[in-house]
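The block underneath contains the structure these notes are about, expressed in structure tokens.
Here, residue 1 is the first one in the sequence, and each next residue gets the next number.
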Amino acid sequence: MLDLAQRPKAELHLHLEGALEPELMFALAKRNDVQLPYADENAIRAAYDFSQLQDFLDLYYAGTSVLQSADDFHALAMHYAERAIADGVTHAECFFDPQAHTDRGIAMDVVFSGLTRAAGEARERGLTLSLILCFLRHLSEDEALRTLDAALPFRDHFIGVGLDSSEVGHPPSKFRRVFEQAGKLGLRRVAHAGEEGPPEYVWQALDELGVERIDHGNRALEDKALVARLRRDRIPLTVCPLSNLRLCVVDSLDAHPLRNMLEAGLTVTVNSDDPAYFGGYVNDNYIAVQDALGLSDRDITTLIEFSMASRFVTDT
């Protein structure tokens with residue numbers, strides 16, 4: 001087994017709100033006088049019994065209620081930064097969900113102020129942390145367009161846009177206009193697709209949204225023509241093994257498609273998604289899939305190399 005902590009790597013699929021550990025959640029709830037529907041940290045962890053993506057999202061959005069000030073967002077991002085640095089991550093391109101905050105009255109500048117302050121401090125410690133603004137796909141495209149417009153005063157503080165939240169029933173094509181606008185602004189584009197949704201969602205993300213990376217993409221393997229397209233265009237897939245296990249996307253890690261993706265010649269990366277909820281940060285994911293799939297040290301090295309090659313920001 002490689003000493004993963006000593007191997008510089010990038011993490012490309014990480015939701016900052018998904019790094020809200022129960023201890024931090026309770027500390028912020030106390031600071032902000034927020035009443036949580038859990039007696040203690042153990043009660044929250046006991047609720048991490050998900051049968052599908054929506055089960056997790058319900059808890060995820062409830063947890064965001066404790067994030068109210070710039071200091072709260074700073075604390076959240078710094079917690080992730082410290083864990084990432086310990087894992088040898090030198091660059092992270094992190095998702096955040098402004099609509100989960102602005103819809104409950106938190107100003108956009110509060111969110112950006114806390115996150116960008118943390119990014120500056122992380123850089124001083126050897127981790128570059130770039131932000132990708134995600135649109136919530138269970139909301140309308142008009143709301144996404146308003147969110148993009150509201151974020152433009154902070155354009156220098158985020159590198160791209162993404163699409164997350166409930167996938168089934170919310171195809172990427174629903175957000176064609178806002179992604180077209182983002183492209184005109186020079187923003188990089190990614191989207192969650194093919195986690196629970198069909199391969200058609202991956203096609204739509206590529207052809208209608210113009211994305212440069214696919215987040216998850218597990219079900220792309222069901223479509224041979226799609227696999228050929230992903231291989232030909234070297235479209236990275238940001239795979240999250242422990243997330244897939246905890247959300248029942250796979251029945252067990254030894255059934256995870258990551259090895260098949262590698263054997264198909266796809267550019268696949270390993271990431272932690274929402275590590276506070278899914279039982280592990282990025283190195284935990286590497287270790288888990290190496291054990292479950294019998295990956296060699298060379299395979300792990302390839303995955304790490306793919307993570308660095310798939311960055312949008314490369315001056316790190």
Side-chain angles (χ1 to χ4, degrees), residues 1-25 41-53 55-57 59-60 63 76-96 122 127 129 164 192 195-196 215-218 237-259 261-262 268-295 297 299-304 306-308 310:
M1 170 67 72
L2 297 171
D3 185 351
L4 288 167
Q6 299 303 313
R7 299 296 301 268
K9 61 183 69 68
E11 181 157 31
L12 306 176
H13 188 151
L14 181 285
H15 300 265
L16 284 170
E17 292 92 344
L20 185 61
E21 295 282 355
E23 292 78 9
L24 180 58
M25 188 186 299
E41 292 90 341
N42 290 332
I44 293 180
R45 288 195 171 90
Y48 295 175
D49 183 16
F50 311 119
S51 63
Q52 59 181 338
L53 178 61
D55 294 341
F56 155 67
L57 290 172
L59 182 58
Y60 172 90
L76 172 68
M78 284 308 299
H79 167 76
Y80 166 70
E82 289 166 0
R83 294 296 300 262
I85 291 167
D87 275 354
V89 176
T90 58
H91 178 68
E93 296 178 0
C94 301
F95 302 132
F96 71 109
L127 169 67
L129 194 160
D164 63 9
H192 286 49
E195 179 186 14
E196 292 185 335
D215 299 315
H216 292 297
N218 298 41
L237 304 178
T238 64
V239 172
C240 306
L242 290 178
S243 166
N244 293 158
L245 179 64
R246 292 295 292 271
L247 296 182
C248 303
V249 175
V250 295
D251 293 331
S252 61
L253 276 182
D254 58 11
H256 197 279
L258 184 131
R259 175 183 280 282
M261 291 173 170
L262 283 173
V268 57
T269 69
V270 170
N271 309 271
S272 64
D273 201 359
D274 299 275
Y277 295 89
F278 299 146
Y281 287 76
V282 67
N283 282 358
D284 299 311
N285 278 267
Y286 278 106
I287 292 167
V289 290
Q290 182 165 26
D291 290 344
L293 300 176
L295 299 179
D297 285 353
D299 293 329
I300 297 298
T301 297
T302 296
L303 292 167
I304 291 172
F306 280 158
S307 78
M308 297 295 276
S310 301

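- Scanning for side-chain hydrogen bond (donor to acceptor under 3.5 Å, both in side chains) contacts around Asp215 gives Thr238, with sequence neighbours left out.
- Applying the side-chain contact (heavy atoms from CB on, under 4.5 Å) test to Val289 and every residue at least two apart in sequence or in another chain returns Pro241, Leu293, Leu295.
- Not counting sequence neighbours, Glu17 has no partner by the salt bridge (Lys or Arg N to Asp or Glu O under 4.0 Å) test.
- Judged as a side-chain hydrogen bond (donor to acceptor under 3.5 Å, both in side chains), and not counting sequence neighbours, Asp284 has no contacts.
- Applying the side-chain hydrogen bond (donor to acceptor under 3.5 Å, both in side chains) test to Glu196 and every residue at least two apart in sequence or in another chain returns nothing.
- Considering only residues two or more places apart in sequence or on other chains, Asp251 meets the side-chain contact (heavy atoms from CB on, under 4.5 Å) condition with none of them.
- Remark: Ile287 engages Met1, Leu4, Asp291 in a side-chain contact (heavy atoms from CB on, under 4.5 Å) (not counting sequence neighbours).
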- prompt: Could you walk me through whether Asp297 and Gln290 pass the side chain to side chain contact (heavy atoms under 4.5 Å, CB included) check?
  reply: CA-CA 8 Å; Asp297 285 353; Gln290 182 165 26; 3.0 Å; yes
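- For the side-chain contact (heavy atoms from CB on, under 4.5 Å) test, no residue two or more places apart in sequence or in another chain qualifies with Asp49.
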Which atom pairs, donor and acceptor, lie under 3.5 Å between side-chain atoms of residues 41-48 and protein residues at least two apart or in another chain?
residue : atom : partner : partner atom : Å
Arg45   : NH1  : Glu23   : OE2          : 3.1
Arg45   : NH2  : Glu23   : OE1          : 3.1
Arg45   : NH2  : Glu23   : OE2          : 3.0

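- In terms of the ring pair (Phe, Tyr, Trp, His ring centres under 6.0 Å) criterion, residue partners of Phe95 (sequence neighbours excluded) are, by chain and number, His13, His15, His192.
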query: Checking side chain to side chain contact (heavy atoms under 4.5 Å, CB included) for the pair His256/Val239: CA distance, chi angles, key distance, verdict?
result: CA-CA 10 Å; His256 197 279; Val239 172; 3.2 Å; yes
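- Scanning for ring pair (Phe, Tyr, Trp, His ring centres under 6.0 Å) contacts around Tyr60 gives Phe56, with sequence neighbours left out.
- Residues forming a side-chain hydrogen bond (donor to acceptor under 3.5 Å, both in side chains) with Asp3 (at least two apart in sequence, or on another chain): none.
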